[in-house]
Amino acid sequence: MIFGHVALLGSTVFLSSLIFLYTSINEKGEVLKRDIMFVTMMLLSGLVCTRSKYYGELVLALFFLYVYSPGMFSKFNIKHVGILAAVIVMVIAVGWQKFQFYFIDGATEITRFDPEAIESFARPVLYFTGSLIMIDHFPFGSGLASFASYPSTKPYSWLYHEYGIDKVYGLSEAEPMFVCDAYYPLLAQFGVVGFALFIAFFVYICQVLKNQIRLEALRFKWYYIISSLIVCYVLIESIAGTVFAQSHGVLAMIFLGCICSDGMRMKHSKNVEVDEKLLKEKRYI
């Protein structure tokens with residue numbers, strides 16, 4: 001009743017937990033154990049949203065809070081690789097049922113995937129058609145307000161007719177409620193160039209975070225953890241939602257920008273030193 005949708009409850013709890021963690025970093029760059037426990041309780045309270053996406057985000061959050069340490073993946077180590085593999089498997093496991101529902105079985109009573117009936121599945125159709133549009137409209141895509149976005153329904157885009165998906169439930173002109181149901185298909189509007197820039201942006205963010213964590217100041221560990229969780233959050237949420245076009249997605253990106261800016265400012269501060277030995281060994285991933 002308050003949030004309008006249970007998924008928004010999960011997003012609110014997750015982002016609020018990260019903001020609380022950020023504000024809990026003291027002047028020494030440390031986060032007290034009691035604050036970490038409080039963040040954990042906040043995250044666990046978000047389980048009431050019952051969204052598989054949130055379950056995956058929770059697994060990643062617990063990993064970063066209790067297992068991750070700077071440098072653990074810088075060199076090949078069977079133990080660390082095993083931990084990373086276990087985390088990936090857990091994220092897939094907690095989200096598999098919903099993935100199967102949306103992308104294999106479909107939101108219908110059909111219990112087995114039928115290639116002939118793919119048009120009965122709105123979200124898989126968006127992904128499949130988006131890929132075709134990227135190929136057919138190489139390299140700059142079909143243009144703004146043409147596919148998988150709300151403006152493409154007012155007026156109704158000609159692309160839905162051209163690719164024969166205007167009769168799919170949720171994508172039709174009369175009932176286009178599922179047109180903007182995922183972010184990644186929307187990238188077809190910008191083509192291969194837009195998709196490449198989308199990837200390049202997050203590669204750049206990861207590089208910024210990687211450079212910051214090379215500083216010996218303890219707070220950069222927490223900057224790295226929080227920023228990594230924000231990146232994971234927006235990428236996971238984009239699978240089945242237009243997070244970048246919604247208020248919680250905008251908040252996440254503003255928060256990410258603030259952390260990166262704060263980190264870059266401190267990086268150039270004379271009060272922050274660099275451990276040259278660790279920098280040379282690149283033990284920060």
Side-chain angles (χ1 to χ4, degrees), residues 1-12 15 49 51-54 98-99 101-103 105-108 110 117-202 230 233-257:
M1 240 173 23
I2 295 175
F3 291 91
H5 194 283
V6 289
L8 296 179
L9 170 61
S11 293
T12 301
L15 293 177
C49 76
R51 301 290 95 176
S52 296
K53 292 183 294 184
Y54 185 85
K98 191 55 67 74
F99 178 86
F101 176 76
Y102 281 118
F103 294 99
D105 294 341
T108 66
I110 299 176
I118 192 171
E119 291 187 352
S120 65
F121 313 136
R123 194 170 287 160
V125 165
L126 287 175
Y127 275 89
F128 180 72
T129 307
S131 302
L132 294 179
I133 292 175
M134 280 194 177
I135 296 173
D136 295 341
H137 295 265
F138 182 86
F140 297 109
S142 56
L144 287 171
S146 61
F147 184 74
S149 60
Y150 178 77
S152 68
T153 65
K154 306 290 182 182
Y156 194 69
S157 174
W158 54 275
L159 280 176
Y160 301 116
H161 296 293
E162 180 179 332
Y163 286 88
I165 62 175
D166 55 309
K167 299 296 189 295
V168 177
Y169 176 73
L171 304 181
S172 64
E173 185 171 4
E175 298 179 324
M177 63 283 248
F178 296 148
V179 164
C180 48
D181 203 34
Y183 183 80
Y184 296 122
L186 181 148
L187 293 173
Q189 297 182 147
F190 309 100
V192 175
V193 172
F195 184 70
L197 290 173
F198 178 80
I199 295 176
F201 169 77
F202 284 101
I230 293 175
Y233 165 79
V234 295
L235 292 180
I236 291 175
E237 290 290 327
S238 295
I239 296 174
T242 52
V243 63
F244 287 102
Q246 298 175 326
S247 57
H248 52 282
V250 174
L251 170 63
M253 296 306 292
I254 291 175
F255 188 25
L256 178 62

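Numbering of residues begins at 1 and proceeds along the displayed sequence.
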- How long is the gap from CZ on Arg123 to CG on Leu171, to the nearest 0.5 Å? 11.0 Å

- Leu251 CG to Ile230 CD1 distance, which is reported to the nearest 0.5 Å: 8.5 Å

- Task: Return yes if some donor-acceptor pair links the side-chain N/O of Gln189 with the main-chain N/O of Ala145 below 3.5 Å, else return no.
- Result: yes

Shortest non-hydrogen contact from [X] to [Y]?
{"X": "Ser142", "Y": "Ser146", "value": "OG-OG, 2.6 Å"}
{"X": "Thr12", "Y": "Leu8", "value": "OG1-O, 2.7 Å"}
{"X": "Ile133", "Y": "Leu159", "value": "CD1-CD1, 3.9 Å"}
{"X": "Thr153", "Y": "Pro176", "value": "CG2-CB, 3.6 Å"}
{"X": "Ser149", "Y": "Leu186", "value": "CB-CD1, 3.7 Å"}

Would you call [X] and [Y] a side-chain contact if the rule is heavy atoms closer than 4.5 Å?
{"X": "Val243", "Y": "His248", "result": "yes"}
{"X": "Ser157", "Y": "Phe147", "result": "no"}
{"X": "Met134", "Y": "Leu187", "result": "yes"}
{"X": "Met177", "Y": "Tyr169", "result": "yes"}
{"X": "Asp166", "Y": "Tyr156", "result": "yes"}
{"X": "Phe202", "Y": "Val234", "result": "yes"}
{"X": "Val250", "Y": "Phe244", "result": "no"}

- Task: Take Tyr233 and Leu15 through the side-chain contact (heavy atoms from CB on, under 4.5 Å) test and state the conclusion after the steps.
- Result: CA-CA 9 Å; Tyr233 165 79; Leu15 293 177; 4.1 Å; yes

- Query: Do Ser172 and Tyr160 pass the side-chain contact (heavy atoms from CB on, under 4.5 Å) test, and can you show the C-alpha distance, the side-chain angles, and the key distance before you say yes or no?
  - Reply: CA-CA 8 Å; Ser172 64; Tyr160 301 116; over 6 Å; no

Classify the ring geometry of [X] against [Y]: parallel below 30°, tilted from 30° to 60°, perpendicular beyond 60°.
{"X": "Tyr184", "Y": "Tyr127", "answer": "tilted"}
{"X": "Tyr183", "Y": "Phe198", "answer": "tilted"}
{"X": "His137", "Y": "Tyr163", "answer": "tilted"}

- Dump the intermediate steps for side-chain contact (heavy atoms from CB on, under 4.5 Å) on Lys53 and Ile239, then the final yes or no. CA-CA 9 Å; Lys53 292 183 294 184; Ile239 296 174; 5.6 Å; no

- Task: Check the pair Val179, Ser152 against side-chain contact (heavy atoms from CB on, under 4.5 Å), reporting the backbone distance first and the verdict last.
- Result: CA-CA 8 Å; Val179 164; Ser152 68; 3.7 Å; yes

